[in-house]
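To keep things clear, I will list the structure first and then write my remarks on it.
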Protein chains: 2
Amino acid sequence: MLFSTKAEYGVRLMVELGRQPDGKPVSLAAIAESENLPLSYMEHLVAKLRNADLVDSQRGAHGGYTLARPAAEIDMLEVVQALEDTIAPMECFHDTPEGRVSCSHQDDADHACATKLLWTRVQGGVNKALSGTTVAELVKFADGDVRRASLAAHS
Amino acid sequence: MLFSTKAEYGVRLMVELGRQPDGKPVSLAAIAESENLPLSYMEHLVAKLRNADLVDSQRGAHGGYTLARPAAEIDMLEVVQALEDTIAPMECFHDTPEGRVSCSHQDDADHACATKLLWTRVQGGVNKALSGTTVAELVKFADGDVRRASLAAHS
DNA sequence: CGCTTATCCGACTAGTCAGGTAGGATTTAA
DNA sequence: TTAAATCCTACCTGACTAGTCGGATAAGCG
């Protein structure tokens with residue numbers, strides 16, 4: 001498995017939020033019910049999204065969550081990175097502050113890390129796919145042949 | 001972490017085998033020592049590679065393993081697929097016999113699986129990176145020739 | 001024929017973590 | 001003031017990763 005359910009659930013959550021046409025906050029309970037996901041588990045996930053400034057929260061009655069930015073300006077690389085602790089292809093890949101990939105295995109003159117080329121390419125492919133997809137796009141896809149979302153029916 | 005050490009170790013193993021110029025079998029002990037990896041753990045991995053017809057084995061004294069095919073004809077998608085139990089991006093993706101991806105979540109008329117588009121793209125990116133890289137290429141890279149060549153994912 | 005080198009094979013295990021639960025504190029609208 | 005919601009911390013549990021171990025089998029060699 002490439003990603004865990006954290007990414008799966010979190011992406012669904014973002015899509016549900018992006019689905020809300022006006023700026024009205026949506027409660028987690030509504031999302032959890034509509035996607036049939038455990039509410040208390042989602043609380044952990046949405047906390048990560050909030051820490052990453054991807055969603056805003058409104059506490060109290062009639063509170064909930066909203067996208068922090070327009071859905072078209074949030075790409076999936078941000079979302080997945082916020083949810084998964086790491087999306088590096090291998091353990092030996094640790095992101096440097098400059099954002100470059102590097103490998104902790106030796107990279108000497110006589111013996112290069114043979115797998116570095118491969119994992120770099122894989123990560124490139126994943127990042128490209130993630131950063132090239134926005135929340136808005138997924139919303140459109142989900143709504144494509146569907147008239148009404150179950151969540152919209154509730155509000 | 002996208003992949004486990006199974007893929008990491010297994011790819012290293014394949015590269016070591018591909019490094020052997022003649023068809024002489026290489027013992028696991030030699031590889032384990034040269035890559036500084038646990039021998040008894042590697043035995044499990046090489047068994048998977050053998051079952052996938054990626055390596056041939058020669059038992060007994062002076063035995064060992066050889067690539068089942070020329071290094072240029074073995075791509076990393078085969079290798080990684082043999083090692084990892086699944087490389088689907090998400091749990092809900094199960095490969096159908098025809099090789100197409102599908103999602104086990106409901107895709108009914110009233111609620112399309114919003115994340116399907118995303119995971120399909122991700123898997124496409126990973127598969128492309130893996131299938132576009134051969135053992136021979138990694139061998140060449142490790143030997144230092146192509147060190148400055150395409151590190152980034154090419155198309 | 002043993003002896004050594006190697007692959008093969010299955011059982012077992014410590015540690016980690018994903019996935020989820022539980023309980024309560026805090027904030028806010030009506 | 002009460003209900004609806006976020007927020008926060010701790011805890012649990014089964015599965016899986018990353019091994020280890022002991023031995024069976026097979027092949028070359030003197």
Side-chain angles (χ1 to χ4, degrees), chain A residues 1-13 16-17 20 24-52 54-66 68 80 83-87 89-92 151 154-155, chain B residues 1-13 17 20 24-33 35-52 54-66 68 80 83-92:
Chain A
M1 218 92 57
L2 249 44
F3 297 122
S4 68
T5 58
K6 274 186 271 195
E8 170 75 18
Y9 294 177
V11 169
R12 287 176 188 272
L13 197 156
E16 285 296 319
L17 293 186
Q20 204 66 6
K24 289 267 180 62
V26 186
S27 77
L28 254 199
I31 294 178
E33 194 191 1
S34 107
E35 295 279 341
N36 204 30
L37 301 173
L39 168 62
S40 31
Y41 185 45
M42 300 286 283
E43 289 183 356
H44 296 307
L45 306 185
V46 81
K48 294 185 182 226
L49 294 171
R50 185 170 38 78
N51 289 336
L54 293 171
V55 303
D56 288 332
S57 61
Q58 172 76 23
R59 299 184 67 164
H62 299 107
Y65 297 93
T66 50
V80 172
L83 293 163
E84 303 282 341
D85 290 335
T86 169
I87 63 166
M90 293 300 312
E91 190 190 355
C92 70
L151 193 65
H154 283 353
S155 41
Chain B
M1 218 90 59
L2 250 45
F3 297 123
S4 68
T5 59
K6 275 186 273 195
E8 170 76 17
Y9 295 177
V11 169
R12 287 176 188 274
L13 198 157
L17 293 186
Q20 203 66 7
K24 289 267 178 63
V26 186
S27 78
L28 252 199
I31 294 178
E33 195 190 0
E35 296 279 341
N36 205 32
L37 301 173
L39 168 62
S40 32
Y41 185 44
M42 300 286 283
E43 290 183 356
H44 295 306
L45 306 186
V46 80
K48 295 187 180 222
L49 295 171
R50 186 170 38 78
N51 289 334
L54 292 171
V55 303
D56 288 332
S57 61
Q58 172 76 25
R59 299 183 67 161
H62 299 108
Y65 296 92
T66 51
V80 172
L83 292 163
E84 303 282 342
D85 289 337
T86 170
I87 63 166
M90 294 301 310
E91 190 188 356
C92 69

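Letters A, B, ... mirror the listed sequences (proteins, then strands); counts begin at 1. Just so you know, these numbers use all the heavy atoms, side chains as well, and skip hydrogens, waters and symmetry mates.
Counting only residues at least two apart or in different chains, salt bridge (Lys or Arg N to Asp or Glu O under 4.0 Å) contacts with residues 24-33 of chain B comprise B/D22-B/K24.
Atom CG of B/N36 is separated from atom P of D/dG19 by 11 Å (rounded to the nearest Å). Per the geometry, CG belonging to B/N51 stands 11 Å off C1' belonging to C/dC9, to the nearest Å. Following rounding to the nearest Å, A/K24 (NZ) and D/dA5 (C1') show an atom-to-atom distance of 16 Å. In this structure, CG of A/L2 is placed 16 Å from C1' of C/dA18, rounded to the nearest angstrom. The distance between atom CG of A/L49 and atom P of D/dC8, rounded to the nearest whole Å, is 14 Å. Between A/L37 atom CG and C/dA18 atom P the separation is 18 Å, expressed in whole Å. Going from atom CG of B/L45 over to atom C1' of C/dT7 covers 15 Å, rounded to whole Å. Put simply, OH on A/Y65 is 17 Å from P on D/dA4, counting in whole angstrom units.
With sequence neighbours excluded, the residues satisfying side-chain contact (heavy atoms from CB on, under 4.5 Å) with A/A68 are A/D56. Annotation: side-chain contact (heavy atoms from CB on, under 4.5 Å) contacts of B/A61 (sequence neighbours excluded): none.
Contact annotation: B/R50 side-chain N/O to C/dC8 OP1/OP2 distance is under 4.0 Å. A sub-4.0 Å separation between OP1 or OP2 of D/dA18 and a side-chain N or O of B/K6 is absent. Taking side-chain N and O atoms only, A/S4 has no distance below 4.0 Å to OP1 or OP2 of C/dC17. Taking 4.0 angstrom as the limit, B/S57 places a side-chain polar atom (N or O) nearer than this to OP1 or OP2 of C/dC8.
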Let me have the donor-acceptor pairs involving side chains of residues 40-49 of chain B, under 3.5 Å, with sequence neighbours excluded, atom names and distances please.
{"residue": "B/K48", "atom": "NZ", "partner": "B/D85", "partner atom": "OD1", "Å": "3.3"}

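Around atom CG of A/N51, more than 12 heavy atoms belonging to other residues, nucleotides or ligands sit under 6.0 Å away.
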Where protein sits on nucleotides 20-30 of chain C, one letter per nucleotide: B base, S sugar-phosphate only, - none, heavy atoms under 4.0 Å: BB----BBBSS

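Inspection of the B/E84 and B/S4 side chains reveals an N or O donor paired with an N or O acceptor under 3.5 Å.
A/K6 and A/L83 make their closest contact through O-CD1, 3.6 Å (heavy atoms, listed as atom of the first residue, atom of the second, distance).
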